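Notes follow the structure.
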Amino acid sequence: MTTRLPRLDTRPALRALHDVGRAVDVVHDGTTLARYVYVPDDVQLESPKPYVHPLRTRGGDLVSEFRPHDHVWHKGVAWSLPVVGDENFWGGPTFVSLEASEHGYVQLDNDGSMDHQALTRLDVSTGTAGDRVDLAHTLAWHTQGGEHVVDEDRALAVVVPADRDDAWVLLFDTTMTNVSGRDLPIGSPTTRGRENAGYGGLFWRGPRSFTGGTLLAPDFAGGEEVRGQRGPWMGFTGRQDGTGNAATIVMVDAPDNPVHPPQWFARRDMFACLNPAPFFSEEVPFDAGATLRFRYAVIVADGTGDPASAAALAELGTGILSA
């Protein structure tokens, strides 16, 4: 007869729960901070790609939106590119030149997908600075017609710092290699002629209750007049329906990114979103055989933000990126 002894070690505060072949949930003290869906079940029109949703504060408030009716291809936090050569890895219609002086959105058969290939890392670590989950995987990008055009190595981390009880950090790191055999310059609707619509890159869509919230930047708190401006970070603060709780999101662009500081695409009037957009107003060359790497930190915090507190959150994210 075997005697089972009780566990003497305490369960770690931060855990990674793996839904094998589908997603990873990161749970801290009973709260699911983030779920990374690396094999989505989206239709082709939405350019299937991995995404992080739900995204929650340490206090448990939801701070991401999934498939809103106005833009069903918006999914939490996702690496989304509307212009990669002639391909769309954003979802939905493509902004094109209809005539010499006329532009518009047209639904084309060019909604590609970012397809998971292999999980290469998933581990949990603890230390004096805090707790951390690291995940890495490889992806192959395919056009809607099935052509393999990009290979990607992607790494994400969730970091819960030991010296704060109100914030945590999501790290995102992508290395893309053009394997198409042709140039695939990366741009935006603005590089195709739509003014001040330079979205593309790491894109956060906030909950519907955040509509009308406050955009934050260095020495700035206000509205959409900040869209298109350059800066090392940008933030958003809004409130939850029901509880009235406030939360703040800050996104940080790594200093070694190819375009730094980037222009920012941000909204608050139609809906809440943040997007450091290196391809905002000028295409970034992505030649055949070339490799591009981009890194970001997304800081999720409980409470109302202002320029000073957002700057402190940005400093937290920058420090973890640098480490």
Side-chain angles (χ1 to χ4, degrees), residues 12-16 24-36 52-65 76-77 124-135 155-173 202-207 209-210 213-218 220-221 231-240 243-255 264 266 272-276 295-323:
L14 188 66
R15 294 181 293 149
V24 174
D25 290 284
V26 178
V27 181
H28 182 264
D29 282 342
T31 296
T32 300
L33 299 179
R35 177 176 174 87
Y36 182 57
V52 182
H53 175 84
L55 202 68
R56 290 191 177 91
T57 67
R58 297 270 292 270
D61 288 319
L62 181 68
V63 291
S64 61
E65 186 66 270
V77 174
V124 182
S125 57
T126 61
T128 57
D131 299 333
R132 177 171 176 143
V133 170
D134 283 281
L135 178 154
L156 291 88
V158 168
V159 181
V160 180
D163 59 351
R164 298 192 63 141
D165 61 5
D166 65 335
W168 65 274
V169 181
L170 170 70
L171 301 180
F172 181 91
D173 184 336
L202 192 66
F203 190 89
W204 165 75
R205 173 70 187 256
S209 66
F210 275 31
T214 302
L215 288 164
L216 304 169
F220 174 88
W233 61 268
M234 190 171 286
F236 196 108
T237 188
R239 290 193 174 275
Q240 302 286 335
T243 64
N245 291 342
T248 301
I249 305 293
V250 173
M251 299 182 76
V252 174
D253 189 81
W264 287 79
C273 76
L274 288 173
N275 166 214
R295 299 189 304 126
Y296 303 94
V298 182
I299 304 92
V300 180
D302 291 288
T304 301
D306 57 27
S309 64
L313 292 172
E315 184 177 0
L316 170 66
T318 301
I320 294 174
L321 275 174
S322 299

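Just so you know, residue 1 is the first one in the sequence shown, and it goes up from there. What you see is a predicted model; the values in this text were computed from it and never measured.
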Original post:
Does Thr237 reach the main-chain N or O of Ala247 with its side chain, forming a donor-acceptor pair under 3.5 Å?
Top reply: yes
Subject >> Nearest non-hydrogen partners of Ala221 and Leu216, listed with the distance >> reply: CB-CD2, 3.8 Å
Subject >> Heavy-atom pair of closest approach, residues Leu313 and Ala167 >> reply: CD2-CB, 4.1 Å
Original post:
Where do Leu171 and Arg132 come nearest, in terms of heavy atoms and distance?
Top reply: CD1-NH2, 3.8 Å
Original post:
Rounded to the nearest 0.5 Å, what separation is found between the CG atom of Leu14 and the CH2 atom of Trp168?
Top reply: 10.0 Å
Original post:
Between Tyr296 and Phe172, how do the two ring planes meet: parallel, tilted or perpendicular, split at 30° and 60°?
Top reply: tilted
Original post:
Between CD of Gln240 and CZ of Phe210, what distance do you get to the nearest 0.5 Å?
Top reply: 5.0 Å
**OP:** Report the distance from atom CD1 of Ile249 to atom OG1 of Thr57, rounding to the nearest 0.5 Å.
**Re:** 8.5 Å
Subject >> Val77/Leu202 under side-chain contact (heavy atoms from CB on, under 4.5 Å): CA gap, chis, key distance, verdict >> reply: CA-CA 7 Å; Val77 174; Leu202 192 66; 3.7 Å; yes
Subject >> Any side-chain heavy-atom pair of Val124 and Val26 under 4.5 Å >> reply: no
**OP:** Kindly determine whether Val160 and Leu33 satisfy side-chain contact (heavy atoms from CB on, under 4.5 Å), including the steps that lead there.
**Re:** CA-CA 10 Å; Val160 180; Leu33 299 179; 3.9 Å; yes
Subject >> Sequence neighbours excluded - salt bridge (charged side-chain N to carboxylate O under 4.0 Å, His left out) pairs with any residue from residues 155-164 >> reply: Arg164-Asp166
**OP:** Given side-chain contact (heavy atoms from CB on, under 4.5 Å), test Leu316 with Val169 step by step and report yes or no.
**Re:** CA-CA 8 Å; Leu316 170 66; Val169 181; 3.9 Å; yes
**OP:** Write down the atom of Pro232, the atom of Pro218, and the distance for their closest heavy-atom approach.
**Re:** CD-CG, 4.4 Å
Subject >> Residue pairs fulfilling side chain to side chain donor-acceptor pair (under 3.5 Å) with at least one residue in residues 312-323, sequence neighbours excluded >> reply: none
**OP:** Measure the shortest side-chain to side-chain distance between Leu170 and Leu156 over non-hydrogen atoms and say whether it is less than 4.5 angstrom.
**Re:** yes
Original post:
Would you say the side-chain atoms of Ser64 pair up with the backbone N or O of Gly76, donor to acceptor, closer than 3.5 Å?
Top reply: no
Subject >> Side-chain (Ser209) to main-chain (Arg239) donor-acceptor, under 3.5 angstrom >> reply: yes
Original post:
CZ of Phe236 to CE of Met251: how many Å apart, nearest 0.5 Å?
Top reply: 13.0 Å
Subject >> side-chain contact (heavy atoms from CB on, under 4.5 Å) between Val158 and Leu135, intermediate numbers included >> reply: CA-CA 9 Å; Val158 168; Leu135 178 154; over 6 Å; no
Subject >> Nearest non-hydrogen partners of Ala217 and Met234, listed with the distance >> reply: CB-CE, 4.4 Å
Original post:
Side chains of Thr32 and Asp25: is there a donor and an acceptor less than 3.5 Å apart?
Top reply: no
Original post:
So which of Val298, Val300, Leu55 actually passes side chain to side chain contact (heavy atoms under 4.5 Å, CB included) with Trp204?
Top reply: Leu55
**OP:** Identify the heavy atoms of Thr31 and Gly60 that sit nearest to each other, and give their distance.
**Re:** CG2-CA, 3.8 Å
**OP:** Give a yes or no answer on whether the side chain of Thr248 reaches the backbone of Gly303 with a donor-acceptor pair at less than 3.5 Å.
**Re:** yes
**OP:** Mind checking salt bridge (Lys or Arg N to Asp or Glu O under 4.0 Å) for Arg295 and listing every partner two or more places apart, or none if nothing turns up?
**Re:** Asp256
Original post:
Taking atom CG of Asn245 and atom CG of Leu62, what is their separation to the nearest 0.5 Å?
Top reply: 12.0 Å
